2 protein chains.
Amino acid sequence: MRKEASRATGRPTLAEVAHLAGVSQITASRALRDVPTVDPVLASKVREASKALGYVPNPAARTLASARSQSVVVLVPALSNQLFVETLEAIHTVLRPRGYDVLIGNFHYSREEEEEVIRNYLAIQPCGILLTGFDGTDASLRLLEANKIPCVHMMELTKAEDVYSVGFSQEDAGAAIARHFLARGRRRLAYVAAQLDARVIRRGEGFKRALAEAGVDALELAVPGPSSVGLGGELFDKLLRQHPDVDGIFFCNDDLAHGAIFEAQRQGISVPGRVAFVGFNDLQISAHIVPRLTSIRTPREDVGKHAAHLMLALLAGAEVRDRTIDLGFELVVRESS
Amino acid sequence: MRKEASRATGRPTLAEVAHLAGVSQITASRALRDVPTVDPVLASKVREASKALGYVPNPAARTLASARSQSVVVLVPALSNQLFVETLEAIHTVLRPRGYDVLIGNFHYSREEEEEVIRNYLAIQPCGILLTGFDGTDASLRLLEANKIPCVHMMELTKAEDVYSVGFSQEDAGAAIARHFLARGRRRLAYVAAQLDARVIRRGEGFKRALAEAGVDALELAVPGPSSVGLGGELFDKLLRQHPDVDGIFFCNDDLAHGAIFEAQRQGISVPGRVAFVGFNDLQISAHIVPRLTSIRTPREDVGKHAAHLMLALLAGAEVRDRTIDLGFELVVRESS
DNA sequence: CTGTTAGCGCGTTCAC
DNA sequence: GTGAACGCGCTAACAG
């Protein structure tokens with residue numbers, strides 16, 4: 001009877017659901033997608049039939065017919081940074097249960113690679129893209145616009161219209177650290193940074209601006225290469241040789257600060273006795289290291305969660321009032337400062 | 001002319017490529033998929049036409065027609081553990097450029113959730129699955145078998161036939177640590193562990209077995225919950241109260257060891273003077289912490305790389321001689337032991 | 001609010 | 001070694 005079964009998936013199809021429910025395929029399709037213009041009675045019949053058959057929609061067929069997949073691409077600068085992994089996981093947690101596939105676009109802090117990643121992922125016709133920051137190439141932006149793909153930017157905020165963003169003010173965070181140092185009576189301050197992406201630069205600017213407003217100059221030691229614990233120690237050592245009087249250092253991330261703490265310990269330099277340290281991101285270990293590290297707790301998990309929900313709203317065609325979601329940050333003061 | 005363009009993607013299709021190359025669609029299809037039974041001359045014509053048009057295959061159409069997607073699912077116990085992220089990244093690096101989509105299946109150390117994740121991902125008809133470990137539920141294994149999905153297991157090895165695995169011997173690694181302690185004259189040894197998955201248990205067994213062979217008993221402090229830096233400090237403190245004479249501790253992962261190092265420092269306990277520490281995985285920070293942590297360097301990146309290549313071979317239908325790839329491990333001896 | 005028609009772009013089948 | 005025809009499972013369009 002089922003002589004065609006050789007090629008078929010074997011799984012129940014929409015046609016069978018529709019047949020069982022006594023409606024047409026398209027009505028079944030609409031009912032299962034919660035299209036509002038369906039008689040509630042029919043809709044529930046369809047849902048019952050679907051359940052009875054154990055129907056699972058075929059995403060490939062859906063994508064082919066609608067020219068839009070159920071995949072959301074998440075563009076992150078790196079996976080080596082725990083930061084983005086936590087955001088990614090939050091996104092996953094929101095999107096997967098709703099039937100979306102989440103695809104990682106790791107662009108290794110390279111905007112050219114980001115553009116290439118976008119171009120490649122366009123083949124699967126993603127239904128949405130979550131981006132880190134705002135500094136994609138022009139070509140990237142044009143690609144996304146031309147393909148009418150909803151975008152949500154993460155980690156930073158913008159005042160631009162028509163742009164959806166979820167994050168916090170990097171500048172304000174930098175400024176908060178500056179004020180913290182000043183309040184503690186520190187005056188010989190430095191910003192030590194690596195992996196100089198837009199956010200790292202911006203938080204440094206906030207730091208320096210706040211200091212300048214207080215009439216304090218800031219030292220700066222910034223290297224473009226990747227950040228690491230070992231590098232933190234090296235940069236601290238170098239800075240200390242150049243400026244032995246430095247009494248407060250803001251490291252652009254916790255990893256650098258950890259390395260500096262270890263280096264200080266090896267050199268017998270008291271933290272915060274001689275020099276105070278502040279990190280950024282508040283990684284798990286920062287609350288336990290000796291001395292416990294003062295840091296900015298960034299809402300990376302919430303960023304992912306809110307960005308994902310915002311994307312859901314856009315995908316549903318909902319009216320979004322707040323295009324900008326400011327999740328803030330928290331200065332966690334501990335022993336190191 | 002193109003009045004139907006409304007629904008079409010606008011992108012060039014296989015039919016256009018075939019037309020330009022002067023062959024039938026199916027020949028173009030075969031040529032682009034490197035099916036061997038195609039005249040090399042025609043094949044190159046097709047490739048030229050494809051390039052000329054900027055043709056990009058439509059994955060959804062391919063999936064629908066072949067009932068198999070270009071997606072590989074990677075099942076990991078957690079993303080909070082940097083370990084698996086590095087493996088995942090390596091897999092990504094191999095598979096993405098070859099046109100595969102990599103989907104994360106985070107099962108949060110729950111085998112039931114793993115089964116559910118598999119069941120959910122089956123809807124997209126993945127062409128392959130990479131698993132962490134061997135202890136999936138029976139139902140999981142049956143699902144994968146019934147759907148004829150190629151599987152590669154990571155992180156552990158097995159002697160079972162018909163099973164592909166890439167990793168190293170957890171037991172041998174544990175045993176190596178035991179021998180290291182013994183060689184250093186330590187005799188009052190303990191295994192401290194959390195997040196008791198199969199691999200954590202196995203490396204503990206290797207540790208204890210090697211000690212037993214040397215006539216040494218092992219203390220053990222194992223808790224089922226998630227691992228963390230803070231927990232490492234707590235467990236160390238607890239163990240020390242119960243057994244003040246302990247002189248060597250093997251922590252099932254570096255995070256626990258880090259926490260213990262900080263706790264020891266706070267209590268003024270000398271490491272390795274009074275008690276030696278060894279961790280597992282050799283995270284980046286372990287080479288810098290004070291004292292630098294002795295640890296087992298696990299080949300997690302290579303595991304991902306080799307697992308991905310093994311999967312590629314299986315997908316290509318190639319003959320695979322070595323179903324088991326042992327990547328080994330390295331005991332990195334540092335100051336803490 | 002519902003149904004009919006007509007594909008979406010590709011790979012499988014089976015002839016040649 | 002190559003091709004014609006068909007169908008994968010679903011949704012967009014438009015009419016009713």
Side-chain angles (χ1 to χ4, degrees), chain A residues 2-19 21-46 50 53-70 99 122-125 127 148 317, chain B residues 2-19 21-46 50 53-70 99 122-125 127:
Chain A
R2 270 174 162 270
K3 67 174 180 178
E4 304 287 13
S6 58
R7 289 197 52 202
T9 324
R11 301 193 313 204
T13 69
L14 187 61
E16 302 176 40
V17 173
H19 183 72
V23 300
S24 74
Q25 253 192 71
I26 189 64
T27 299
S29 170
R30 289 200 262 248
L32 294 175
R33 278 178 297 137
D34 291 321
V35 174
T37 70
V38 174
D39 184 330
V41 180
L42 290 188
S44 74
K45 270 190 191 171
V46 171
S50 165
L53 293 174
Y55 171 73
V56 177
N58 182 323
R62 176 172 289 182
T63 301
L64 187 58
S66 67
R68 182 125 299 187
S69 74
Q70 298 272 91
L122 247 27
I124 65 162
Q125 305 172 100
C127 60
K148 289 176 190 145
Chain B
R2 269 174 164 271
K3 66 173 181 179
E4 304 287 12
S6 59
R7 287 197 55 200
T9 324
R11 301 193 314 204
T13 69
L14 187 60
E16 301 177 41
V17 173
H19 184 72
V23 299
S24 73
Q25 249 193 73
I26 187 60
T27 299
S29 169
R30 291 200 260 248
L32 294 176
R33 278 179 297 136
D34 291 321
V35 174
T37 69
V38 174
D39 184 330
V41 180
L42 291 187
S44 75
K45 271 191 192 170
V46 171
S50 165
L53 293 175
Y55 171 72
V56 178
N58 182 322
R62 178 173 286 183
T63 302
L64 187 58
S66 68
R68 181 127 301 185
S69 74
Q70 298 271 93
L122 248 26
I124 64 161
Q125 303 170 338
C127 59

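Because the structure is a prediction, the values reported are computed rather than measured. Letters A, B, ... mirror the listed sequences (proteins, then strands); counts begin at 1.
- Within the structure, side chain to side chain donor-acceptor pair (under 3.5 Å) pairs that include any residue of residues 23-37 of chain A comprise A:S24-A:T27, A:S29-A:R33 (at least two apart or interchain).
- Looking at heavy atoms from C-beta onward, A:R11 lies in side-chain contact with A:N58 at the 4.5 angstrom threshold.
- In this entry the distance linking NZ of A:K45 with C1' of C:dC1 reads 15 Å, nearest Å.
- Rounded to whole Å, the distance from OH on B:Y55 to P on C:dC10 is 3 Å.
- Distance, A:L14 CG to C:dG7 P: 20 Å, rounded to whole Å.
- Between A:P12 and A:L53, the shortest heavy-atom distance links the atoms CG-O, 3.4 Å.
- Distance CZ (B:R68) to C1' (D:dG9): 17 Å, rounded to an integer number of Å.
- Distances were taken from every side-chain heavy atom of B:A65 (C-beta onward) to each of D:dT2, C:dT2, D:dG7; the shortest belongs to D:dG7.
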Sort me out a list of protein N/O and nucleotides 3-5 of chain C N/O pairs below 3.5 Å, or just none if empty.
unit_1, atom_1, unit_2, atom_2, d
C:dG3, OP2, A:S24, N, 3.3
C:dG3, OP2, A:S24, OG, 3.2
C:dG3, OP2, A:T27, OG1, 2.6
C:dG3, N7, A:R30, NH2, 3.0
C:dG3, O6, A:R30, NH2, 3.3

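- We find that CG of A:L64 is positioned 12 Å from C1' of D:dG7, with the value rounded to whole Å.
- Counting heavy atoms from C-beta outward, A:L32 and A:P57 have side chains that stay 4.5 Å or more apart.
- Rounded to whole Å, atom C1' of C:dG9 lies 13 Å from atom CZ of B:R33.
- Of the listed nucleotides (D:dG9, D:dG1, C:dG11), C:dG11 has the atom at the smallest distance from the side chain of B:S29.
- Regarding B:I124, its CD1 atom lies at a distance of 16 Å from the C1' atom of D:dG9, rounded to whole Å.
- Side-chain atoms of B:S69 come within 3.5 Å of backbone atoms of B:Q125 as a donor-acceptor pair (strictly under, hydrogens ignored).
- Following rounding to the nearest Å, B:N58 (CG) and C:dG7 (P) show an atom-to-atom distance of 17 Å.
- Between D:dC10, D:dT11, C:dC10, one nucleotide has an atom nearer to the side chain of A:S66 than all others, and that is D:dT11.
- Nearer the 5' end of DNA chain D, as judged by each residue's closest nucleotide, is the contact made by B:T37, out of A:A60 and B:T37.
- Here CZ of B:R68 is found 11.0 Å from CD1 of B:I124. Values are rounded to the nearest 0.5 Å.
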